[in-house]
Amino acid sequence: MTTIRLAISADCHVNEPLGLWQDRLPNALRDRAPRVEQRGEYRVLLAEDQVIRRFRSPPGAGIFGSDGHGGDDVASRLAALDRDGVHAEVMYPNLAFFCTYAIRDPVLQSAVCQIYNDWVSEQFAANPRLAPVGLLPVRDVSLAIKELERCERLGLRAGLLPAHADFRPYNDEVYEPLWEAAAGTMPLSFHAGTGRSQTPAHGPGGAIVNYVVTVGAPMETVAYLCGSGVLERHPELRVTMVECGSGWLAWTLDAMDDAYREHHMFVRPKLRELPSDYFRRQGYVTFQRDAVGLSNLRHTGAHCLMWGSDYPHPEGTYPDSRRILREQFADLPQDTVDAIVFRNAAELYRFALPETSNGPS
Ligand code: MN
């Protein structure tokens with residue numbers, strides 16, 4: 001019988017202090033900083049002159065979980081992991097997640113990333129169960145490379161880029177030195193819901209339209225990275241599409257190969273292997289609950305899937321992760337379960353595994 005021998009969440013979100021940027025940014029940038037203001041019944045997250053998100057007050061389910069409490073600390077994170085039966089976590093930002101990639105000014109965007117990266121590394125980088133991810137600016141690639149190198153020195157385990165960079169897509173040659181730098185240092189993550197509005201639809205059905213569009217959209221980034229030869233030119237580069245489910249992946253891999261073969265007269269650059277080969281070798285996706293994805297394993301393999309709880313977001317599996325894992329992995333071989341539930345993440349993010357991962361839980 002399949003057991004969940006250990007769980008590592010490849011997708012969690014840490015609550016930064018609400019005033020992090022206003023406290024730490026220099027005066028010249030402070031009035032455009034990411035900030036939370038009360039407007040009527042809503043608490044509004046702003047950056048520059050843009051309203052990023054509105055949350056009904058009081059905020060629900062940890063979106064603003066740090067509200068008034070100065071943000072998470074190691075003790076609160078470990079307590080949540082223990083309650084959920086999860087050994088370790090990869091930590092993405094929360095407020096910064098929503099607003100960093102909406103910022104248009106490259107200098108402000110880079111400063112916002114630096115401040116977050118300083119805070120998250122000061123707080124969490126030393127704990128072996130916690131793997132904070134660094135925020136990389138994207139508007140100015142030279143600043144992104146500088147920040148990537150700084151993230152490595154700070155002990156951060158991956159670098160976050162937006163799932164979409166519509167102002168300059170990822171097949172632009174200006175990114176080449178960034179891919180090169182990342183290939184030699186740390187994996188890159190592209191978290192669903194970053195780089196584009198998460199709420200383009202309004203009115204009837206809007207919540208469903210927005211969710212489907214947001215979590216399905218990283219297929220486009222996969223096609224950019226595979227089709228343009230980024231992964232071929234940088235065989236050491238590892239890329240993860242975060243919180244996007246995996247059910248779309250089998251179809252996307254097949255569609256890329258179909259395009260490569262059937263539209264060969266239009267395809268450039270020519271690749272040495274099929275586009276899907278590069279993703280199977282160098283790419284990952286994370287999901288919380290995904291029966292469809294797990295039924296597609298004969299197309300995708302288990303190497304490129306990782307489970308994540310998405311704690312503390314409402315669409316995540318906390319505090320029922322163990323039960324949800326047991327149910328959705330019940331019919332799969334133990335080696336497949338181990339790979340998706342902890343081993344792929346342990347290898348990618350360099351988590352040490354405890355002895356208990358060899359015994360039943
Ligand atoms: Mn997430």
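Just so it is clear, the structure is predicted and the values come from calculations on it, not from any experiment.
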### Message
For Y284 together with H303, are the ring centres under 6.0 Å from each other?
### Response
yes
### Query
With sequence neighbours left out, which residue pairs that include part of residues 285-295 fulfil the side-chain hydrogen bond (donor to acceptor under 3.5 Å, both in side chains) condition?
S246-D290
### Task
Decide whether a cation-pi geometry holds between R53 and Y42; the criteria are a distance under 6.0 Å from NZ or CZ to the six-membered ring centre and an angle within 45° of the ring axis.
no
### Task
Measure the acute angle between the ring planes of F97 and H191, then classify it against the limits of 30° and 60° as parallel, tilted or perpendicular.
perpendicular
### Any donor-acceptor pair under 3.5 Å from E232 side chain to Y278 backbone
no
### Query
Yes or no on salt bridge (charged side-chain N to carboxylate O under 4.0 Å, His left out) for R77 and D82, after CA distance, side-chain angles and deciding distance?
CA-CA 9 Å; R77 297 307 294 191; D82 289 341; over 6 Å; no
### Heavy-atom donor-acceptor pair, Q123 side chain to D73 backbone, under 3.5 Å
no
### Query
Do NZ/NE/NH1/NH2 and the carboxylate oxygens of E176 and R233 come within less than 4.0 Å?
yes
### Query
side-chain hydrogen bond (donor to acceptor under 3.5 Å, both in side chains): which pairs involve residues 340-351, sequence neighbours left out?
D335-R343
### Message
Salt bridge check, R32 against D49: does any charged N sit closer than 4.0 Å to a carboxylate O?
### Response
no
### Query
How far apart are the C-alpha atoms of L148 and L188, what are their side-chain angles, what is the distance that settles it, and do they pass the side chain to side chain contact (heavy atoms under 4.5 Å, CB included) test?
CA-CA 10 Å; L148 179 88; L188 295 177; 4.3 Å; yes
### Query
Could R24 and Y116 be counted as a cation-pi pair, given that NZ or CZ must be under 6.0 Å from the ring centre and within 45° of the axis?
no
### Task
Report yes if some heavy atom in the side chain of L249 is under 4.5 Å from a heavy atom in the side chain of L305; otherwise report no.
yes
### Query
Under the side chain to side chain contact (heavy atoms under 4.5 Å, CB included) criterion, do V285 and F279 qualify, and how do the steps go?
CA-CA 10 Å; V285 301; F279 193 82; 3.9 Å; yes
### Task
Any chance you could lay out the side chain to side chain contact (heavy atoms under 4.5 Å, CB included) test for Y92 and S189, step after step, and finish with the verdict?
CA-CA 10 Å; Y92 293 94; S189 293; 2.6 Å; yes
Side-chain donor-acceptor pairs of residues 132-141 under 3.5 Å, sequence neighbours excluded:
{"residue": "D140", "atom": "OD1", "partner": "S142", "partner atom": "N", "Å": "2.9"}
{"residue": "D140", "atom": "OD1", "partner": "S142", "partner atom": "OG", "Å": "2.6"}
{"residue": "D140", "atom": "OD1", "partner": "L143", "partner atom": "N", "Å": "3.3"}

### Task
May I ask you to decide whether R323 forms a salt bridge with E327, counting only side-chain N to carboxylate O separations under 4.0 Å?
yes
### Task
Taking the side chain as every heavy atom from C-beta outward, state whether R83 and Y318 have any atom pair closer than 4.5 Å.
yes
### Task
Would you indicate whether R54, at its atom CZ, is surrounded by more than 12 heavy atoms from other residues, nucleotides or ligands within a distance under 6.0 Å?
no
### Message
So that I can tick it off, tell me whether R196 and D166 are bridged by a salt bridge, with the cut-off set at under 4.0 angstrom between side-chain N and carboxylate O.
### Response
yes
### Query
Do side-chain atoms of T214 reach the backbone of N210 as a donor and acceptor pair under 3.5 angstrom?
yes
### Message
Tell me if the centroids of the rings in F124 and W119 come within less than 6.0 Å of each other.
### Response
yes
### Message
Does this structure show an ion pair linking E37 with R35, if we count only N-O contacts that are shorter than 4.0 Å?
### Response
yes
### Query
In terms of ring plane angle, is the pair F329 and F287 parallel, tilted or perpendicular, where the classes change at 30° and 60°?
tilted
### Query
Can you check whether Y170 and F190 have ring centres sitting under 6.0 Å from each other?
yes
